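Quick caveat: nothing in here was measured; it's all calculated off a predicted structure. Note that these values count all heavy atoms, side chains included, but never hydrogens, waters or copies made by symmetry.
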Amino acid sequence: MKTLKTCDSCGVEWVYKTGVDIKDHWYEYGSIMFCEQCHSDGKADELAMENFEKELKEYDSGHQPS
């Protein structure tokens, strides 16, 4: 069974080649995948930070250190 991976920033598809691991060429932040081009352009960092801030707001229970 072949699963298709796409860049969550630009939508480009990962083309699988025998013996090549996607993790050696693409970058993953949590469940977000980025191709080399988006990662090098800094788009990956921007999107990952937006997602981090969103998750932080959703899961923050309001506890602050004393």
Distance from H39 atom NE2 to E28 atom CD, nearest 0.5 Å? 12.0 Å
So which heavy atom on D8 is nearest to which on I32, and how close? OD2-CA, 3.2 Å
Does V12 reach the side chain of Q37, with side-chain heavy atoms less than 4.5 Å apart? no
Considering residues at least two apart in sequence or located in another chain, which fulfil the side chain to side chain contact (heavy atoms under 4.5 Å, CB included) criterion with D24? D21
Residue set satisfying side chain to side chain donor-acceptor pair (under 3.5 Å) with E36, at least two apart, ordered chain then number -> none
Between F34 and D41, is the side chain to side chain contact (heavy atoms under 4.5 Å, CB included) condition met? List the steps. CA-CA 11 Å; F34 296 101; D41 286 349; over 6 Å; no
Would you give the length of the straight line joining atom CH2 of W26 to atom SG of C38, rounded to the nearest 0.5 angstrom? 8.5 Å
Taken in chain and number order and not counting sequence neighbours, the residues that satisfy side chain to side chain contact (heavy atoms under 4.5 Å, CB included) with V20 are W14, K17, H25
Looking at C35 and C7, what are the two nearest heavy atoms and their distance? N-SG, 3.4 Å
